[in-house]
2 protein chains.
Amino acid sequence: MTQLNKRLTAGRKRAVSPKQASARRAPIDQLLDPALFKALCDPTRVSLLACLLKCGRACTVSEVAECCSVDFSVVSRHLAMLEQAGALESAKTGRTVSYKVRRADLTKTLRTLADAVEGCCMNPNDEPRDSGTCSSC
Amino acid sequence: MTQLNKRLTAGRKRAVSPKQASARRAPIDQLLDPALFKALCDPTRVSLLACLLKCGRACTVSEVAECCSVDFSVVSRHLAMLEQAGALESAKTGRTVSYKVRRADLTKTLRTLADAVEGCCMNPNDEPRDSGTCSSC
DNA sequence: TGTTCAATTGCGTCATTATGCAAGTGTAAG
DNA sequence: CTTACACTTGCATAATGACGCAATTGAACA
């Protein structure tokens, strides 16, 4: 360790335990909410999302159902679940329902999460932080 | 639609079907791999990841196990799964194993995915793209 | 060599979830 | 009003996954 680093870390409590760290509330706790990941962890749902992304427009349930081999009702449920998770939005016209990707929101969510992961309790010298003075969290 | 937009979209095949779109290979197909999401969709695993993030250093399995109420063996399995998914890395010294977050890689993965979601088959006028000329995919 | 400790792995159980079929809901058209 | 269509929902089944306990591995130490 360099003299500079020694000076920077002087006076800190060292080696905060994971137990202490997890008791601390941080933005990452909200952003790592499993709800979106739960929606994206199923291969069928992911393929439906990719289909809608690549199609680049709003599509009806019937159209999307042609993209994969599962039952129509399963597609309907998956799309509803993706909407619930905030990845899609729907619009009903007559008896048809169209889904499209909430592109901007999804992008923002991912970027915000990336920022939080990058910055959470980050220490340029890779040293443990105090339990109370973590400025980035 | 403005005259300019009419000119820009002239000669395009319109309204590509989701079936056609999903047949097209795009970067988003690789980036939306469910493996990472599968690792992040469980509340216990997410809390372990958040714990390691907030702790800001490498932690042993025993230390992390103190953060949550599940069995030690469960924590061991969860950490191994997070490592397999690319979110953590481990280092063995003697009989203890330390895990820490692969912060840079995780951040990059999320940002790359965000970029792909944002740009995939994006059309400023929200019109469908050709099936063969999607420059951003 | 035998003991202790950290961690992993095997296995049974319980809960969750994905799926398909069938029935139901709501809207448009004849 | 009746029919046809797009979609949703109820329900049973099968697959997946989380969990705890116990046994095992592997390393340090007396």
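These values consider heavy atoms only, across backbone and side chains, with no hydrogens, waters or symmetry-generated copies. So you know, we letter chains A, B, ... as the sequences are listed, proteins then strands, and number each from 1. Everything numeric in this text was worked out from a predicted model, so none of it was measured.
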**OP:** Working to the nearest 0.5 Å, report the span between CG of B/Leu106 and CG of B/Leu36.
**Re:** 6.5 Å
Subject >> Contacts of type salt bridge (charged side-chain N to carboxylate O under 4.0 Å, His left out), residue A/Asp105, not counting sequence neighbours >> reply: A/Arg102
**OP:** Starting at atom CE of A/Met81, determine the distance to atom P of C/dT16, rounded to an integer number of angstrom.
**Re:** 14 Å
**OP:** With rounding to the nearest 0.5 Å, note down the distance linking CD1 in B/Ile28 to CG in A/Leu49.
**Re:** 7.0 Å
Strictly under 3.5 Å: I want the nitrogen or oxygen pairs between protein and nucleotides 23-28 of chain C, one per line.
| unit_1 | atom_1 | unit_2 | atom_2 | d |
| --- | --- | --- | --- | --- |
| C/dT27 | O2 | A/Arg95 | NH1 | 3.4 |

**OP:** Using a cut-off of strictly less than 4.0 Å between a heavy atom of the residue and any atom of DNA chain D, enumerate the qualifying residues of residues 38-46 of chain B by number.
**Re:** B/Lys38, B/Asp42, B/Thr44, B/Arg45
Subject >> Gap separating the OG atom of B/Ser98 from the NZ atom of B/Lys92, nearest 0.5 angstrom >> reply: 12.0 Å
Original post:
With distance as the sole test, does A/Arg45 use its side chain to make a donor-acceptor pair with the main-chain N or O of A/Ala39 at under 3.5 Å?
Top reply: yes
Original post:
How about A/Leu48 and A/Cys68: do any of their side-chain heavy atoms sit closer than 4.5 Å?
Top reply: yes
For residues 69-77 of chain A, tabulate all N or O donor-acceptor pairs below 3.5 Å that involve a side-chain atom, not counting sequence neighbours.
| unit_1 | atom_1 | unit_2 | atom_2 | d |
| --- | --- | --- | --- | --- |
| A/Asp71 | OD2 | A/Ser73 | N | 3.0 |
| A/Asp71 | OD2 | A/Ser73 | OG | 2.8 |

**OP:** List in chain and number order the residues that pass side chain to side chain donor-acceptor pair (under 3.5 Å) with B/Asp42, two or more places apart in sequence or in another chain; answer none if no residue qualifies.
**Re:** none
Original post:
Does the side chain to side chain contact (heavy atoms under 4.5 Å, CB included) test come out yes or no for B/Leu110 and A/Arg111, once each step is laid out?
Top reply: CA-CA 7 Å; B/Leu110 291 169; A/Arg111 294 218 171 103; over 6 Å; no
Original post:
For DNA chain D, what residues of residues 60-78 of chain B have any heavy atom nearer than 4.0 Å?
Top reply: B/Val70, B/Asp71, B/Ser73, B/Val74, B/Arg77, B/His78
Original post:
Any donor and acceptor pair, going by atom type alone, linking the side chain of B/Lys54 with main-chain N or O of A/Ser22 inside 3.5 Å?
Top reply: yes
Original post:
Taking atom P of C/dT9 as reference, at what distance in whole Å does atom CD of B/Gln84 sit?
Top reply: 11 Å
